Amino acid sequence: MTTPPELLELIEISHVPGVERFIGIGQLAPEVLAWLWPQRRRLEASTLELARTAWKAYRASSPQAWAELAFSESLGLPFLAPALRRQLQELPSLRDGLSLTERLVLEIIRELDRPTLGRIFSELMSVREPLPFLGDSMFYASARALIDVENPLIREIDTQLDWTRRPLELTGLGKVVLEGAAYWVDHASTTRWIGGVRIEPGRPHWALDEALVPKWRP
């Protein structure tokens with residue numbers, strides 16, 4: 001095990017005065033970043049051990065230990081449990097096989113008039129996402145996995161344009177899956193990883209029920 005530095009400190013915030021929707025320090029001006037510095041705190045050995053436990057659970061092939069932590073009182077890291085709960089929602093839903101991010105993307109396309117990926121990302125981060133964690137590159141990769149597959153859920157309207165500027169609409173399958181009348185994992189063609197949990201199309205896998213409890217779907 002790597003020996004931690006003699007002094008390890010953490011800045012942890014969930015909101016900033018004057019910022020209506022705080023989604024990350026990247027949106028803060030330099031003077032606000034300076035304001036954060038005095039709020040740092042020293043991490044104790046017990047907190048580091050909690051972090052190690054969470055990382056081990058997140059990397060496991062089963063989400064069960066991870067789910068237990070997600071609903072525990074993480075006193076040393078108060079934002080840990082909410083983050084783990086949000087990551088649980090990236091598992092396929094038992095209802096439709098969609099992760100929460102995938103469902104939100106499809107809902108945005110259904111509700112807006114042929115949005116581009118850039119417009120979708122803006123709507124997701126500024127309005128829809130309950131606990132923002134995706135950067136733009138990660139988001140685009142996730143969205144392309146719904147487009148560049150044998151049975152896509154999303155269709156590009158004008159492929160002559162740069163892919164970031166192409167208007168998008170739902171395919172017939174996308175509409176059916178979003179309504180819960182088809183299960184996405186049964187139609188997908190790419191393997192997904194959520195932490196250490198592997199979701200392979202057409203194979204038994206872990207999924208999430210409405211109470212955010214992981215269930216094995218044979």
Side-chain angles (χ1 to χ4, degrees), residues 1-28 32-95 98-105 121 124-139 141-142 192-199 205-217:
M1 182 181 297
T2 303
T3 303
E6 183 175 338
L7 177 62
L8 188 61
E9 297 175 318
L10 175 68
I11 294 173
E12 51 187 351
I13 56 172
S14 60
H15 65 279
V16 175
V19 178
E20 183 175 351
R21 180 173 166 83
F22 174 66
I23 63 174
I25 62 174
Q27 72 186 118
L28 302 180
V32 182
L33 294 177
W35 168 77
L36 291 175
W37 181 244
Q39 302 184 52
R40 70 195 187 280
R41 67 179 177 91
R42 181 169 186 161
L43 294 180
E44 304 297 335
S46 59
T47 304
L48 294 177
E49 185 57 34
L50 172 61
R52 293 188 190 99
T53 299
W55 182 237
K56 181 179 179 180
Y58 186 65
R59 293 172 59 227
S61 59
S62 163
Q64 291 172 303
W66 160 19
E68 290 179 9
L69 279 172
F71 290 95
S72 66
E73 189 176 9
S74 305
L75 296 178
L77 294 168
F79 300 147
L80 175 62
L84 291 176
R85 286 197 297 273
R86 177 60 188 88
Q87 278 298 292
L88 273 179
Q89 293 175 286
E90 290 303 285
L91 290 171
S93 165
L94 280 172
R95 175 181 178 270
L98 295 169
S99 70
L100 178 56
T101 297
E102 291 170 338
R103 186 178 306 106
L104 291 174
V105 167
F121 181 66
L124 184 68
M125 291 297 103
S126 62
V127 179
R128 312 281 181 122
E129 171 56 58
L131 191 63
F133 68 97
L134 284 172
D136 53 1
S137 296
M138 292 172 62
F139 164 75
S142 299
R192 290 183 61 229
W193 291 87
I194 305 94
V197 179
R198 180 175 181 174
I199 309 298
H205 59 270
W206 287 100
L208 205 65
D209 69 11
E210 292 186 0
L212 304 188
V213 176
K215 305 286 186 180
W216 182 251
R217 187 178 190 271

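Along the sequence shown, the residues carry numbers beginning at 1. Predicted, not measured: the structure shown is a model, and the values here were computed from it.
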Novice: Give a yes or no on this: more than 12 heavy atoms of other residues, nucleotides or ligands lie within 6.0 Å of atom CZ of R95.
Specialist: yes
Novice: Would a 4.5 Å heavy-atom cut-off, applied to side chains only, mark R103 and S93 as touching?
Specialist: yes
Novice: State whether a side-chain donor-acceptor pair under 3.5 Å links E44 with S46.
Specialist: no
Novice: What distance do L134 atom CG and L124 atom CG have between them, rounded to the nearest 0.5 Å?
Specialist: 7.0 Å
Novice: Quick one: are L94 and R217 in side-chain contact, heavy atoms under 4.5 Å?
Specialist: yes
Novice: Is L28 close to F22 at the side-chain level, that is, under 4.5 Å between some pair of heavy atoms?
Specialist: yes
Novice: Classify the angle between the aromatic ring planes of W216 and W206 as parallel (below 30°), tilted (30 to 60°) or perpendicular (above 60°).
Specialist: perpendicular
Novice: Compile the donor-acceptor pairs under 3.5 Å between side chains in residues 5-20 and protein atoms, sequence neighbours left out, one pair per line.
Specialist:
residue, atom, partner, partner atom, Å
E9, OE1, R40, NE, 3.0
E12, OE2, R41, NE, 2.4
E12, OE2, R41, NH2, 2.7

Novice: In the structure I gave you, are the side-chain heavy atoms of L91 and S99 within less than 4.5 Å of one another anywhere?
Specialist: no
Novice: Check for a donor-acceptor pair, side chain of R192 on one end and backbone N or O of I199 on the other, with a separation under 3.5 Å.
Specialist: no
Novice: Who are the side-chain hydrogen bond (donor to acceptor under 3.5 Å, both in side chains) partners of R128, not counting sequence neighbours?
Specialist: E111, E123
Novice: Using a 3.5 Å distance criterion without hydrogens, assess whether the side chain of S74 forms a donor-acceptor pair with backbone atoms of G76.
Specialist: no
Novice: Can you tell me which residue pairs pass the ring pair (Phe, Tyr, Trp, His ring centres under 6.0 Å) test with a partner in residues 36-60, sequence neighbours excluded?
Specialist: Y58-W66
Novice: Is the shortest side-chain heavy-atom distance between F71 and V213 below 4.5 Å?
Specialist: no
Novice: Might you point out which heavy atoms bring L69 and A54 nearest each other, and give the distance in Å?
Specialist: CD1-CA, 3.5 Å
Novice: Applying side-chain hydrogen bond (donor to acceptor under 3.5 Å, both in side chains), name anything that partners E68, two or more places apart in sequence or on another chain.
Specialist: none
Novice: Roughly how far apart are L80 CG and S72 OG, rounded to 0.5 Å?
Specialist: 7.0 Å
Novice: Mind running side-chain contact (heavy atoms from CB on, under 4.5 Å) on I23 and F133 for me, showing each step along the way?
Specialist: CA-CA 8 Å; I23 63 174; F133 68 97; over 6 Å; no
Novice: Quick check: are there more than 12 heavy atoms from other residues, nucleotides or ligands sitting under 6.0 Å from CD of Q39?
Specialist: yes
Novice: Are side-chain heavy atoms of V197 and P63 found at a separation under 4.5 Å?
Specialist: yes
Novice: For the atom pair CG (L77) and OG1 (T53), what is the distance rounded to the nearest 0.5 Å?
Specialist: 10.5 Å
Novice: Please find the pair of heavy atoms, one from T101 and one from E90, that lie closest to each other, and give the distance.
Specialist: OG1-OE2, 2.9 Å
Novice: Return the minimal non-hydrogen interatomic distance between A70 and L84, and the atom names on each side.
Specialist: CB-CB, 3.7 Å
Novice: Return the CD to CG distance between E129 and L104, rounded to the nearest 0.5 Å.
Specialist: 6.5 Å
Novice: How close do F139 and V105 get, heavy atom to heavy atom, and via which atoms?
Specialist: CE1-CG2, 3.7 Å
Novice: Can you name the side-chain hydrogen bond (donor to acceptor under 3.5 Å, both in side chains) partners of T47, sequence neighbours left out?
Specialist: none
Novice: Search all heavy atoms of P214 against all heavy atoms of L88 and return the closest pair with its distance.
Specialist: CG-CD2, 4.2 Å
Novice: What residues form a side-chain hydrogen bond (donor to acceptor under 3.5 Å, both in side chains) with R85, not counting sequence neighbours?
Specialist: none
Novice: Walk me through whether V127 and R21 qualify under side-chain contact (heavy atoms from CB on, under 4.5 Å).
Specialist: CA-CA 9 Å; V127 179; R21 180 173 166 83; over 6 Å; no
Novice: Do S61 and R198 make a side-chain contact, defined as non-hydrogen atoms from C-beta onward lying under 4.5 Å apart?
Specialist: no
Novice: In Å and rounded to the nearest 0.5 Å, what is the CD1 to CD distance from I194 to Q89?
Specialist: 12.5 Å
